[in-house]
Asks: 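There's a structure below that I have some questions on.
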Amino acid sequence: MADTKSAAPRVTYATLAAGQTPEFNKAYDEAVERVKATLGRTHGFLIGGKEIAAKETFADTSPSDTRVVLGRFASGTRADAQTAIVSARKAYETVWRDLPWRERVAYIRKAAEVIEKRRFDIAALMGMEVGKNRLEAMGDAQETADLMNYYCDQVERHQGYEVPMERLSDQEDNRDVLRPYGVWVIISPFNFPMALSGGPSSGALLGGNTVVFKPASDTPLTGLALAECYREAGLPPGAFNYVTGPGSSIGEELVTNRDVDGILFTGSREVGYEIYRKFSRAYPKPCIAEMGGKNPAIICASADLDAAGDGVLKSAFGLQGQKCSACSRIYVHRSVAKAFTEMLVEKTRKIAIGDPVKKENWLGPVINKAACDKYARFVEIGRKDGKILAGGEQLKGEPYDHGFFVRPTLIGGLPKDHRLMHEEMFLPITCLWEVSSVDEALDLANRTDYGLTAGLFTSDEKEIKKFFDRIEAGVVYVNRRAGATTGAWPGINPFGGWKGSGSSGKSSGGPYYVAQFMREQSRTLIRG
């Protein structure tokens, strides 16, 4: 993947419009052509700094056109996972654990610099592999570099997490130190294949741990791009290891192997709970499970409806609703419900759908056939128990026939205790209910096992205070046109969930994140 420099503006999720310039589009289009020239190759594991071929491979195809084979990747076994863990253990014990923290910071800053240089190629690759539009893909690439740099800032600010303590005598030197656990496994999801891989892995590495990284089976190529960035940054062999394959074999070994000291999983609540239950056996070990969401937006009578409509639309349908932070529930005050619903339906119907690497398309495909099938089931439920207000169909005919394209869907008229109020769909589907007050909306919003994000639109200061005080979610926004429930950024909006959305209570992109990858040691030295 080429190193490129561009004068194109910096893109974040909250400033996506910054990318709508001729310079940005030219740089992105050039990256698409570069990436296309590299597709179709066979890739092995990266273990101990070396590429290792596998006996069996699987094809990684584009959800926009399944005839396009992006690459072939190793279908790993339990033995392959064991090899990667041994490599990580050796690097931990011989090099990485005892490296001064400033040197670890230098390595991670170098990796962030490599990602910055390659961000257009990485974004183009994500557009093909995940189905992200060019602006959201660029946001993902940029966020990865920003997460790494922010975590480096935190380690520097805390001076490597060593704190002098009080003394009982002049001969006593007491210190509190955070020390690494050892080998961490990072299992990432498909939807943010760089940020939710590079962020956690850099946090673990900065804490003095080594890493075995397994990307989602739908995004091994973007995962490989991250591994190559670490390799170019010069990390010692074995500090970061990349493996691919099914969860039933290589994933199972990573979760159950006794030589793994910590694990971070990002994905569905069902899988996260299973990993959380089975990971610790001989003794408790850290398991950070970052799981789903069922995120509400509340539209009050005094809301700016146009801002609310934009905020809901971007959060409900960005990345085809395949975000744990996606807005999948809308509670709108009945006095403005008709006007808001009509406006949201109109905005939804205007969304351009197609190959997301093309600048005119905002909505790409869902990730695979299973997602398409699930979309059809949820739409049928919505049609049976409520009313389809917009969308509700899979797109047919050229250029859609060989991809997984569906229309963004808005459902109304469901009972307030309906299953779609509780189930995470992870699709471009959102449901709307009318309410009589912000109190009713908050009660309904909190009636879920999830607690990730939430949004409010109002001009009433009392309603704002009530929302902040009572909403059960880890990331909350008020009057945010850029995204009612989505769009967190490192060092600005720490991102983590309550209740069934997360196991640690600490947020990525926040000041307490890196410390999760370390354990506390109290040191006392008596002199003389």
Side-chain angles (χ1 to χ4, degrees), residues 13-14 293-318 321 323 325-351 382 386-391 408-418 420-422 424-425 428-448 450-473 475-488 493:
Y13 303 126
K294 190 65 183 173
N295 312 293
I298 299 171
I299 319 301
C300 296
S302 63
D304 178 334
L305 295 188
D306 189 59
D310 282 350
V312 166
L313 187 88
K314 292 171 183 175
S315 289
F317 303 132
K323 299 181 181 181
S325 59
C327 177
S328 62
R329 294 183 291 159
I330 308 164
Y331 298 110
V332 56
H333 193 276
R334 60 170 44 98
S335 66
V336 295
K338 184 174 186 296
F340 177 80
T341 302
E342 290 176 350
M343 178 187 62
L344 185 60
V345 167
E346 182 181 1
K347 288 178 182 287
T348 301
R349 288 174 176 166
K350 289 180 178 178
I351 292 174
K387 181 180 180 182
I388 304 297
L389 303 174
T409 300
L410 181 64
I411 300 173
L414 295 169
K416 289 178 181 175
D417 60 351
H418 192 270
L420 297 191
M421 176 180 162
H422 304 284
E424 184 182 34
M425 293 177 278
I429 300 173
T430 190
C431 303
L432 184 148
W433 288 271
E434 294 184 17
V435 293
S436 59
S437 67
V438 71
D439 292 285
E440 181 187 6
L442 285 166
D443 176 62
L444 293 169
N446 288 336
R447 248 188 253 176
T448 173
Y450 294 103
L452 187 52
T453 70
L456 174 77
F457 289 87
T458 183
S459 59
D460 187 318
E461 291 296 328
K462 291 182 180 179
E463 289 178 336
I464 293 171
K465 184 179 187 308
K466 185 176 289 187
F467 173 76
F468 281 143
D469 288 345
R470 287 179 48 189
I471 194 68
E472 295 171 0
V475 189
V476 296
Y477 307 99
V478 173
N479 296 329
R480 194 164 184 267
R481 184 189 285 266
T485 64
T486 56
N493 320 105

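We're numbering straight along the sequence, starting at 1.
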Asks: Looking at CG of D443 and NZ of K416, how far apart are the two atoms once the value is rounded to the nearest 0.5 Å?
Replies: 10.0 Å
Asks: With heavy-atom distances below 4.5 Å as the criterion, would you say the side chains of T448 and R329 are in contact?
Replies: yes
Asks: Is there side-chain contact between L344 and I330, with heavy atoms separated by less than 4.5 Å?
Replies: yes
Asks: Determine whether the side chains of S302 and S459 contain a donor N or O and an acceptor N or O closer than 3.5 Å.
Replies: yes
Asks: Taking atom CZ of F457 and atom CD1 of I299, what is their separation to the nearest 0.5 Å?
Replies: 5.5 Å
Asks: Any ion pair linking D417 and R447 (charged N to carboxylate O, less than 4.0 Å)?
Replies: no
Asks: Could you walk me through whether T458 and F467 satisfy the side chain to side chain contact (heavy atoms under 4.5 Å, CB included) test, starting with their C-alpha distance in whole Å, then the side-chain angles of each, then the deciding distance to 0.1 Å, before giving a yes or no?
Replies: CA-CA 10 Å; T458 183; F467 173 76; over 6 Å; no
Asks: Strictly distance-based, threshold 3.5 Å: is any side-chain N or O of S315 a donor or acceptor partner for the main-chain N or O of C327?
Replies: no
Asks: Working to the nearest 0.5 Å, report the span between OG of S328 and NE2 of H422.
Replies: 11.5 Å
Asks: So, E342 and K338, do they make that salt bridge, N to O below 4.0 Å?
Replies: yes
Asks: In Å and rounded to the nearest 0.5 Å, what is the CG to CG distance from N479 to L456?
Replies: 6.5 Å
Asks: Measure the spacing between CG of L444 and CH2 of W433 and express it to the nearest 0.5 Å.
Replies: 8.5 Å
Asks: Please enumerate all residues that pass side chain to side chain contact (heavy atoms under 4.5 Å, CB included) together with D306, with sequence neighbours excluded.
Replies: D304, D310, M343, K347, R481
